[in-house]
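Quantities reported herein were computed from a predicted structural model and do not represent experimental measurements. A note on names: the letters A, B, ... follow the listed sequences, proteins ahead of strands, and every chain is numbered from 1. In what follows, every heavy atom counts, from backbone to side chain, and hydrogens, waters and symmetry copies are set aside.
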Amino acid sequence: MSGRLTSPWLTSRVQFVLAAIFVVAGFSKIVDPPGFAHEIHNYALVPGPAVNAMALVLPWLEVVTGLALFFGIARRSSARILGLLLLTFIVALSINLVRGHFVDCACFGVSTAVKTDAERLRDMKLAIARDVGFLLLVGQVLAATRREERA
Amino acid sequence: MTRRGSFWRDAIAILVIAGTAAAISNAIAGPERRLHWVGAYSEKAPDRAKPAAAPLAVTPANAAATGEPGKAFAPHPARAWVEVSGDDVAALFSRGDVLFLDARRSSVYREGHISGARSMSVWEADVDDKVKALFAEGRDQSAPIVVYCSGGDCEDSHMLGQKLYFVGFDNVLVYKDGFPDWQKRGLPVGKGEPR
């Protein structure tokens, strides 16, 4: 069972899916940095002076890391970086969820739709669940490539 | 040690590539898409559950001008902005001499805005230049300026109000229900390129 879960066939497909997710997510933010900066500011977690730098670099970090994973370049390190990004997103959403500050996820770009707090709450919970699912995919890549590290 | 070293080496390389790509894309972006690397925002997003603004000062001299007896829009030098209702804004619009500023993104402004409003998106790189240019026009700094965004929990108009206050305007009125309320009231709407 464990062999199947870490088979090269499955791993290559998981890598492709993860890479596609992050490349799409990154490009959807690259097209509108001010909109993404606005959403980061709404999270109320990042110091004001750092908001813009984060809005500019984070989407490219997703794209570059996604492409590295897709092409199998430093794939363990790429998978770890994606895992760290996902953990960061989960923590950021959870903090706002706990303090009752409902935000747009902005995970796949900036939404122009006006949402109610109830809709935002639902979307935040879904985003956390989805990110946990993506983390499992990262875990699969890391488990399957353990030998690379030992080598 | 080697493994950890390898991760950090890869991570730094990826970060450098991402940072370089971000710098290039930001340098070639137009003003609507460009960002200053250091943001000039307060550290915490304004509290959405903000209490209602204090009542506006009443001066008999301009009470009549608003069309609402007892309601006036005197300067408030001790406060960056005060929130006003849709009725207040409609009355100010009917005066014809009040400046309206749209704090939403330029792309949204194009799709529809309060007729005659100027675009001054607080999230775009040229906002500070626009604010300074507005000041340089030599306008009466105590005349009412209405700023608005999308209503609800939108804080862009408050942020723009803060910027206007810092350059010296002391009568910024934030239309708290914003453009959606304006549309609901069926008041004049313009479309087209930012001005």
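- Residues Leu10(A) and Phe134(A) share a single hydrophobic cluster, defined by chaining ILVMFWY side chains whose heavy atoms lie under 4.5 Å apart.
- Taking the side chain as every heavy atom from C-beta outward, Glu155(B) and His41(A) never approach each other to under 4.5 Å.
- Here the closest non-hydrogen pair linking Ser6(B) and Ser77(A) is O-OG, 4.1 Å.
- Neither the backbone nor the side chain of Leu58(A) comes within contact range of chain B; no heavy atoms are under 4.5 Å apart.
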>> Pair Leu61(A), Leu15(B) - check side-chain contact (heavy atoms from CB on, under 4.5 Å), show working.
In response: CA-CA 6 Å; Leu61(A) 186 61; Leu15(B) 198 56; 3.9 Å; yes
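- Expressed to the nearest 0.5 Å, how far CH2 of Trp60(A) lies from CD1 of Ile24(B) amounts to 8.5 Å.
- Phe70(A) and Leu137(A) fall into different hydrophobic clusters, defined by Ile, Leu, Val, Met, Phe, Trp and Tyr side-chain heavy atoms under 4.5 Å apart, directly or through other members.
- Residue Ser150(B): no heavy atom, backbone or side chain, is found under 4.5 Å from chain A.
- In the hydrophobic clustering of ILVMFWY residues, with side-chain heavy atoms under 4.5 Å counting as a link, Val16(B) and Leu69(A) come out apart.
- By the neighbour-count criterion of 12 heavy atoms within 6.0 Å, atom CZ of Phe16(A) is sparsely surrounded, having that number or fewer from other residues, nucleotides or ligands.
- The pair Asp32(A)-Arg105(B) counts as a salt bridge, with a side-chain nitrogen and a carboxylate oxygen less than 4.0 angstrom apart.
- Remark: Ile30(A) CD1 to Asn26(B) CG distance equals 11.5 Å, nearest 0.5 Å.
- At a threshold of 4.5 Å between non-hydrogen side-chain atoms, the residues Phe7(B) and Arg76(A) do not count as touching.
- Note: Trp37(B) CH2 to Met54(A) CE = 13.0 Å, rounded to the nearest 0.5 Å.
- Remark: Leu35(B) CG to His38(A) NE2 distance equals 12.5 Å, nearest 0.5 Å.
- Nearest heavy-atom pair, Asp10(B) versus Ala74(A), reported as atom, atom and distance to 0.1 Å: OD2-CB, 3.5 Å.
- Linking Ile, Leu, Val, Met, Phe, Trp and Tyr whenever their side-chain heavy atoms come within less than 4.5 Å puts Leu92(B) and Leu187(B) in one cluster.
- The hydrophobic cluster containing Val84(B) does not contain Tyr165(B), counting ILVMFWY residues as joined when their side-chain heavy atoms lie under 4.5 angstrom apart, directly or transitively.
- Annotation: maximal heavy-atom pairing with chain B below 4.5 Å, among Leu56(A), Val31(A), Val57(A), occurs at Leu56(A).
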